Protein chains: 2
Amino acid sequence: MPVSIQDVADHANVSISTVSRVLNRRNIVNEATRKRVESAIKELGYRPNVFARGLMLRRSHILGLVLPDLHGEFYSEIIRGANARARELGYRLMISSVAADDDGSELMATVADQALVDGVAVMVSEVDARTKATLSDVKLPLVVLDGEVKGVRHDSVVIDQRMGVAALLKHLIDNCGAQRLVFVGGQPTNVDTIERLAAFQEAAAEGGVSIESSDVFHLDYRYDTAFDLGQKKVREWARRRVSVFAANDEMAAGIIDAAIDAGLSLPGELPVVGFDDTRIAAMTRPRLTTVHVPMSSMGASAVELLCQRLEDPTRPATKITLQSELIVRESCGVHANPS
Amino acid sequence: MPVSIQDVADHANVSISTVSRVLNRRNIVNEATRKRVESAIKELGYRPNVFARGLMLRRSHILGLVLPDLHGEFYSEIIRGANARARELGYRLMISSVAADDDGSELMATVADQALVDGVAVMVSEVDARTKATLSDVKLPLVVLDGEVKGVRHDSVVIDQRMGVAALLKHLIDNCGAQRLVFVGGQPTNVDTIERLAAFQEAAAEGGVSIESSDVFHLDYRYDTAFDLGQKKVREWARRRVSVFAANDEMAAGIIDAAIDAGLSLPGELPVVGFDDTRIAAMTRPRLTTVHVPMSSMGASAVELLCQRLEDPTRPATKITLQSELIVRESCGVHANPS
DNA sequence: TCATGCTCTGAAAGCGCTGTCAAACACTCG
DNA sequence: CGAGTGTTTGACAGCGCTTTCAGAGCATGA
């Protein structure tokens, strides 16, 4: 049923070699013959068979994108950015997600798709030994998003979270007069949490604020759990005049809502800031002061990097650092942008 | 470099035919030989070449998923559901998005990938002539999500929105005493808007409430525009004692926030309900009364349908109808669940 | 006139796999 | 003991494509 290169050749009265040549724009094919072949292609609606081509070229023009989970806006933005750039560069995207509680088999399975994809971009939420082992089995161009896997050769796209956290805390301390800080993050093994917490502690120290370990909370990045925590804690926090740093907007929203439900007046009695600058950030009341993380750029850069390595496999490992940016809204207690 | 079937054959001292046979679990291979081959496979870490296989079998085990846009939770939930089910059934997912303002070329491009995927699931936000033409070019198993394209043979997954809208309006009218209704939807050409508006008008009529055409607003499903509209309208709406039906949660959130900013007391002065039951619905204050739409089931069902048709291409066109469900929270003005 | 070089084209060899077909072998039965 | 049956295996022909490699056709200069 589907029209093959042979059909085109017959139709244009040439051999399949010639058709293949005009298809690949290589070797100069005689002007007249080329036109003939091209019109035959158009006429028959011919499309080269991807498999036959892949079999010969060892190239599928498919890129794999593996995300920790498909929940939430954060990841869908990455997909969006990656998808758009892939399209532009003539690639397609194969997406899979690895559940947080996955035993590694999911990642394995995707990596097993190596036969199919030309390269893989992976975002891992936790770098354990198994993940590392799996990743080091990847023989293809590999891009790691928002992290680094030591001992495994890969390009990477990272967010400069330190800068964002630093700017945020500086704003909180210098402009909003924060004197006590609470950190609400994900699990201690989560790479983002690790980095954000480290940056948080560093920036707090720099600002002359010391953090008590009882003021560091490890949740799961979700609204509900943050809301629950908030219900227990907001009064105490307000009394102690702390400012809350949540490692993502959703948790910040949960805490804000818990505080409002508790009758607190925000931001006055409890400044809360978030991270990521997802759409939720503009939907809370007070609206969230947060750090904008260029999610879709991340996806796009990953694709970009993959394609570059595909073209030049020998280039040294590259790392793209994306800047995060402080977005001041109302939840931190100060309305004007810091000078 | 990659190990081929020949390597396995050599290693196990059999012919490639035998290896192929144990791979495909067909024809009975002698127990002992099979074990030998299997251990050779494991030892060499052999994985069949997807392209060679695809070339022979005309099957890629890849499913295409085309969404109108990758923004927002709605779509990411569909992806999640589809991805999970695809994995279970041994398929992979290739995702692409068609921007709302796309000229059709994106859809075209994806459909052109037919050579690659075994089937396509498409969600279209507007069914115009071009879309229809493109879709009727699809020679593969086709599933249309949340819509129907007349004249094109396809299976479909639809949400029974009528039931949801009816239940919602009944609740609003009977239990919350709504007497005037406002509809805030997407553009008039949008399939969801068309359906929700029709169901809305029908259910309103049934409840004895007439809708003035000036009370029907066509926006774009986004928080910001709804917020803007709200800023202009909430006082008037409150004065007229209307209840607002927004065609998705984000717009409902925008209107609620505008109302609160305007100093209105909610839900008392302005009941607002949403649709979809995304995570936002639990984040507004008052929390949204809305209609739960099983988004991830939609994705899963689409994959399911695709696989079924792949197995039996002759079965009659199938339509899976997913139920939507009324979720009563506070924004409608009544806290208790209706009896 | 013939060797030489150039441009363009076709034949054919795979890429790694599946599936058909027939061969090899071991039995069983008359 | 030969024919018939069943089980297990290998040889080989493609699937649709790219890519050598060689040959055909033609013009050029000695």
Side-chain angles (χ1 to χ4, degrees), chain A residues 1-41 44-62 90 112-118 139-140 310, chain B residues 1-38 40-41 44-62 90 112-118 139 310:
Chain A
M1 180 69 200
V3 18
S4 80
I5 197 170
Q6 184 66 63
D7 301 325
V8 178
D10 291 350
H11 200 268
N13 252 307
V14 293
S15 73
I16 59 166
S17 319
T18 304
V19 179
S20 173
R21 269 188 285 260
V22 348
L23 242 33
N24 298 290
R25 308 245 174 269
R26 291 156 52 70
N27 306 35
I28 315 95
V29 175
N30 182 289
E31 184 72 14
T33 334
R34 212 195 65 215
K35 289 244 164 92
R36 203 143 36 88
V37 171
E38 274 167 353
S39 70
I41 290 179
L44 298 175
Y46 168 71
R47 312 206 124 265
N49 180 302
V50 189
F51 298 107
R53 205 171 226 181
L55 187 53
M56 278 303 296
L57 267 28
R58 269 108 227 299
R59 277 289 197 96
S60 63
H61 281 254
I62 302 178
D113 280 349
Q114 283 185 65
L116 182 66
V117 298
D118 291 344
K139 307 287 184 230
L140 301 170
L310 246 20
Chain B
M1 181 63 199
V3 19
S4 81
I5 196 171
Q6 184 67 63
D7 301 326
V8 179
D10 292 350
H11 200 268
N13 253 308
V14 293
S15 75
I16 58 167
S17 316
T18 303
V19 179
S20 173
R21 268 188 286 261
V22 349
L23 243 31
N24 297 288
R25 307 245 174 269
R26 291 158 51 70
N27 304 37
I28 315 96
V29 175
N30 183 288
E31 184 73 15
T33 339
R34 212 195 65 216
K35 290 245 165 88
R36 200 143 37 88
V37 172
E38 274 167 353
I41 289 179
L44 298 174
Y46 167 73
R47 315 209 120 262
N49 180 303
V50 189
F51 299 108
R53 206 171 224 182
L55 188 53
M56 278 302 295
L57 267 27
R58 266 104 231 299
R59 277 291 196 93
S60 63
H61 281 252
I62 302 178
D113 281 347
Q114 284 186 63
L116 182 65
V117 298
D118 291 345
K139 307 289 184 226
L310 247 21

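So that the names make sense, note that chain A is the first sequence line, chain B the second, and so on, each numbered from 1. Given the structure is predicted, the values throughout are model-derived calculations rather than measurements.
For DNA chain D, the neighbouring residues in residues 10-18 of chain B, judged by any heavy atom under 4.0 Å, are B/Val14, B/Ser15, B/Ser17, B/Thr18.
We find that CD1 of B/Ile41 is positioned 16 Å from P of C/dG16, with the value rounded to whole Å. Atom CG of B/Leu57 is separated from atom C1' of D/dG16 by 15 Å (rounded to the nearest Å).
The terminal axes of the helix from C/dT1-D/dA30 to C/dG30-D/dC1, fitted over 5 pairs per end, subtend an angle of 70° to the nearest 10°.
A/Ser39 is linked by a side chain to side chain contact (heavy atoms under 4.5 Å, CB included) to nothing, counting only residues two or more places apart in sequence or in another chain. Partners of B/Asp10 by side chain to side chain contact (heavy atoms under 4.5 Å, CB included), not counting sequence neighbours, listed by chain and number: B/Gln6. Take A/Arg59 and apply the side chain to side chain contact (heavy atoms under 4.5 Å, CB included) test, not counting sequence neighbours, and it matches A/Leu57, A/His61, A/Tyr91, A/Asp118, A/Leu310.
Taking the charged nitrogens against the carboxylate oxygens, A/Lys35 and A/Glu38 have no contact shorter than 4.0 Å, which rules out a salt bridge.
Between B/Arg21 and C/dT18 there is no side-chain polar atom (N or O) within less than 4.0 angstrom of OP1 or OP2. Note on B/Asn24: a side-chain N or O is less than 4.0 Å away from OP1 or OP2 of C/dT18.
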Requested in this report: Would you mind building the protein contact string for nucleotides 22-27 of chain C? One character per nucleotide, 5' to 3', B for base within reach (heavy atoms under 4.0 Å), S for sugar-phosphate only, - for untouched.
Outcome: ------
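When distances are taken from the side chain of A/Ser20 to each of D/dC17, D/dT19, C/dT18, the shortest belongs to D/dT19.
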